Amino acid sequence: MTGPVEAPSDVMDISGFDRVGKTAPKPGETTSHVVLDFGTELETVGWTPVLDEHGKMIPFSHLHNEKKAIIVFTRHFLCFCCRDYIEDLAKIPASFLQDADVRLIVIGCAPYKYIKQMKRDTGYRGELYCDPDRQIYKALGMIENLACGSGSKHVKSSNLVGVCRDLWKGMKSSWEAQGDMKQQGAQFILGPGNDVIYSHLDMKSQDHTSINELLRLAGVQQINYDNDSPVINM
């Protein structure tokens, strides 16, 4: 199997909603299915830079202008839920993404100097960037709270064990901040251009979209994770 891809009026509370496509909600449709077009916000942050592991600035729009991209925003880099999720992202074969002509991108809110360590810890060798000032996080309305949550199949540790792991990693890094502890993440499927195929803003640390659902919506072949029922790609 090919290995992981290498890097080259009133306001309604819409947090935690899944949004697919650009169709307006129908009369009587529940708010959990409200669809929002992030086009305006994407234009606003298009030239806002993310940083690669060398500190090079790359405009956010350059990540999804040319082709479709699955973009995963994480919490702080000491978060065990995010690390477990990225470990599972690392299991996606490069050939699956290449065949679908889709990029896979992870963005964190830590200082960029921690990117290399995050890749070493998770085995993820794909595109990983940072938005340490959280300009894009804020512009796209991502949630800030300390809610933990539970139930994600991508998280292998209990909350107790995971928090202990976070504390241990924090001690080894001299307790230097690796992102805002209150910042929750999000998942988007964008492009080409400012086309918004899917978006989900996390309410809790384990509220992220399942990886196979992201792959399905992006038109990428799904994979079998531990304890999954066998995936049948049509």
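From a predicted model like this one, the values you see are computed outputs, not experimental measurements. When reading the values below, keep in mind they use all heavy atoms of this one structure, side chains included, and skip hydrogens, waters and symmetry mates.
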Checklist entry - Is it true that atom CD of Glu66 has more than 12 heavy atoms of other residues, nucleotides or ligands lying nearer than 6.0 Å? => result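 Open: at most 12 neighbouring heavy atoms sit under 6.0 Å from CD of Glu66.
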Item to check | Donor-acceptor pair between Tyr198 and Thr209 side chains, under 3.5 angstrom | outcome: yes
Checklist entry - Does a donor on one side chain sit under 3.5 Å from an acceptor on the other, for Gln135 and Asp131? => result no
Within the structure provided, determine whether [X] and [Y] are in side-chain contact (heavy-atom separation under 4.5 Å).
X      : Y      : answer
Ile70  : Leu217 : no
Glu213 : Gln222 : no
Phe96  : Leu215 : no
Leu51  : Pro132 : yes
Glu87  : Asp84  : yes
Leu63  : Ile107 : yes
Ile211 : Tyr85  : yes
Lys119 : Glu53  : yes

When clusters are formed by joining ILVMFWY residues with side-chain heavy atoms under 4.5 Å apart, either directly or through shared neighbours, do [X] and [Y] land in the same one?
X      : Y      : result
Ile58  : Leu140 : yes
Tyr225 : Leu97  : yes
Met57  : Tyr112 : yes

Item to check | Candidate pair Cys79 and Thr74, rule side-chain contact (heavy atoms from CB on, under 4.5 Å), full reasoning | outcome: CA-CA 9 Å; Cys79 172; Thr74 75; over 6 Å; no
Distance-only, no hydrogens or angles: does the [X] side chain make a donor-acceptor pair with backbone N or O of [Y] under 3.5 Å?
X      : Y      : answer
Lys204 : Asn145 : no
His64  : Gly193 : yes
Lys68  : Ala218 : yes
His76  : Leu78  : yes
Arg134 : Cys109 : no
Arg75  : Met181 : yes
Tyr114 : Phe77  : no
Asn194 : Leu42  : no

Next on the checklist: Please verify the inter-ring angle class for Phe60 with Phe73; under 30° counts as parallel, over 60° as perpendicular, anything in between as tilted.
Outcome noted: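 It falls in the tilted class, 30° to 60°.
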Return the minimal non-hydrogen interatomic distance between [X] and [Y], and the atom names on each side.
X      : Y      : result
Ala100 : Gly219 : CB-O, 3.4 Å
Ile115 : Cys130 : CG1-SG, 3.6 Å
Tyr124 : Ile86  : CB-CG2, 3.6 Å
Glu41  : Ala139 : CG-O, 3.6 Å
Pro59  : Gly46  : CB-O, 3.6 Å

Item to check | Worked verdict on Phe188 versus Leu201 for side-chain contact (heavy atoms from CB on, under 4.5 Å) | outcome: CA-CA 9 Å; Phe188 291 87; Leu201 307 182; 4.0 Å; yes
Item to check | Partner of Asp202 under side-chain hydrogen bond (donor to acceptor under 3.5 Å, both in side chains), chosen from Gln184, His208, Gln187, Gln183 | outcome: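 So, applying the side-chain hydrogen bond (donor to acceptor under 3.5 Å, both in side chains) to Asp202 and each of Gln184, His208, Gln187, Gln183, only Gln187 qualifies.
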Gap separating the [atom1] atom of [X] from the [atom2] atom of [Y], nearest 0.5 angstrom:
X      : Y      : atom1 : atom2 : answer
Lys91  : Asn224 : NZ    : CG    : 11.5 Å
Ile223 : Asp88  : CD1   : CG    : 7.0 Å
Leu89  : Leu214 : CG    : CG    : 8.0 Å
Ile143 : Met203 : CD1   : CE    : 6.0 Å
Asp207 : Cys81  : CG    : SG    : 11.0 Å

